[in-house]
Protein chains: 2
Amino acid sequence: MTSEVLGQCLRTNPVVVRRTMGLLREAGLVTAERGHAGGWRISVDLETVSLRRLHEALGEPAIFAIGNRNETPECLVEQSVNAALEGAFAEAEALLLERFADVTLADLAKDFARRHAGRRDTME
Amino acid sequence: MTSEVLGQCLRTNPVVVRRTMGLLREAGLVTAERGHAGGWRISVDLETVSLRRLHEALGEPAIFAIGNRNETPECLVEQSVNAALEGAFAEAEALLLERFADVTLADLAKDFARRHAGRRDTME
DNA sequence: ATTTTCGTAACATATGGTGTTACATGAAAC
DNA sequence: GTTTCATGTAACACCATATGTTACGAAAAT
């Protein structure tokens, strides 16, 4: 599949697609070929790739929108708040990453197939 | 304490302080007085106010930086991903909010007092 | 050679948070 | 009562990040 087509699917620009897919390529999850009949191809078994691995491949972007702004603040109040919550954030993050690890691309493909087969022409 | 002084503590602008403190005022956590000797005053018992209550007072800002962009997407792939992760995000959020509820302002004040007493003149 | 497609740099745009100015309102001090 | 100090709030400026776009080079097939 080309970046052009993927961009249409994702409602975005081919260059944006290449940016993100490039990270997946560096992680060995996809391959890219240039020229005629080129494009992106999945290079791994869907069973063996979890959303956690995708998260890693995409650079482990920050999970939380709130939380410590500064790991080692000078401010004593900030230190107290950080100390009180760092455990909670760590646990929540660990929980999420565990769940990410539980979901494989094969799981998603299966679920998608079920939805695709089951839809009742509600498209517009 | 005035917005002016609070702003210096927080390294920000008095108006920014008023914006946020205004939310706490609407939630009944602080009172504001104008004129001479005016400023902000905590109007509740520190023991009874948790970080969870502060989170609510501040409008329950989004906790996660990643996650579902669309609750009810038309895209079947997006539907599959959402379905696979919505439980995980819900659990992680519930866990965090529980921990927020466990921390009172009194806890923070106590921890701050300990840090303040224990510091060894490492200030600059 | 031409076409197709990725790779990448450079720049443009949009968004949200933060900072700033300005001015009205209220309360105390004189 | 006038002045001073402080909040309340609107309006605008600024900044960082994410996203979108243009441009062009490199590689592969026709």
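Lettering of chains follows the sequences in order, A, B, ..., and the numbering in each one begins at 1. Just so it is clear, the values below take in all heavy atoms, side chains as well, and ignore hydrogens, waters and symmetry mates.
Heavy atoms of other residues, nucleotides or ligands lying less than 6.0 angstrom from CD of B/Glu71 number 12 at most. Atom CD1 of A/Ile42 has 12 or fewer neighbouring heavy atoms from other residues, nucleotides or ligands inside a 6.0 Å radius.
Between B/Val15 and B/Asn13, the shortest heavy-atom contact is N-OD1, 2.9 Å. Shortest non-hydrogen contact noted between B/Asp111 and A/Ser80 is OD2-OG, 2.7 Å.
Judged as a ring-ring contact (aromatic ring centres under 6.0 Å, His included), the pairs with a partner in residues 27-57 of chain A (not counting sequence neighbours) are, in order, A/His55-A/Phe100. The list of salt bridge (charged side-chain N to carboxylate O under 4.0 Å, His left out) pairs with a residue in residues 23-45 of chain B, not counting sequence neighbours, is empty.
Under 4.0 Å is where a charged nitrogen must lie from a carboxylate oxygen, and between A/Lys110 and A/Asp107 no such pair does.
Using a 4.0 Å cutoff to heavy atoms of chain B, the contacted part of DNA chain D runs 5' to 3' from D/dT4 to D/dT19.
Chaining together hydrophobic side chains whose heavy atoms lie under 4.5 Å apart places A/Leu95 alongside B/Leu95.
Listed by residue number, the members of residues 55-72 of chain A with any heavy atom below 4.0 angstrom from DNA chain D form an empty set.
Not one N or O on the side chain of B/Thr12 forms a donor-acceptor pair closer than 3.5 Å with the backbone of B/Val17.
Linking Ile, Leu, Val, Met, Phe, Trp and Tyr whenever their side-chain heavy atoms come within less than 4.5 Å puts B/Met1 and B/Leu105 in one cluster.
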Please list, pair by pair, any protein nitrogen or oxygen found under 3.5 Å from a nitrogen or oxygen in nucleotides 5-15 of chain C.
unit_1: C/dT5; atom_1: O4'; unit_2: A/Gly35; atom_2: O; d: 3.4
unit_1: C/dC6; atom_1: OP1; unit_2: A/Ser3; atom_2: N; d: 2.7
unit_1: C/dC6; atom_1: OP1; unit_2: A/Ser3; atom_2: OG; d: 3.1
unit_1: C/dC6; atom_1: OP1; unit_2: A/Trp40; atom_2: NE1; d: 3.4
unit_1: C/dC6; atom_1: OP2; unit_2: A/Ser3; atom_2: OG; d: 3.3
unit_1: C/dC6; atom_1: OP2; unit_2: A/Arg18; atom_2: NH2; d: 3.2
unit_1: C/dC6; atom_1: O2; unit_2: A/Arg34; atom_2: NH1; d: 3.1
unit_1: C/dG7; atom_1: OP1; unit_2: A/Arg25; atom_2: NE; d: 2.8
unit_1: C/dG7; atom_1: OP1; unit_2: A/Arg25; atom_2: NH2; d: 3.4

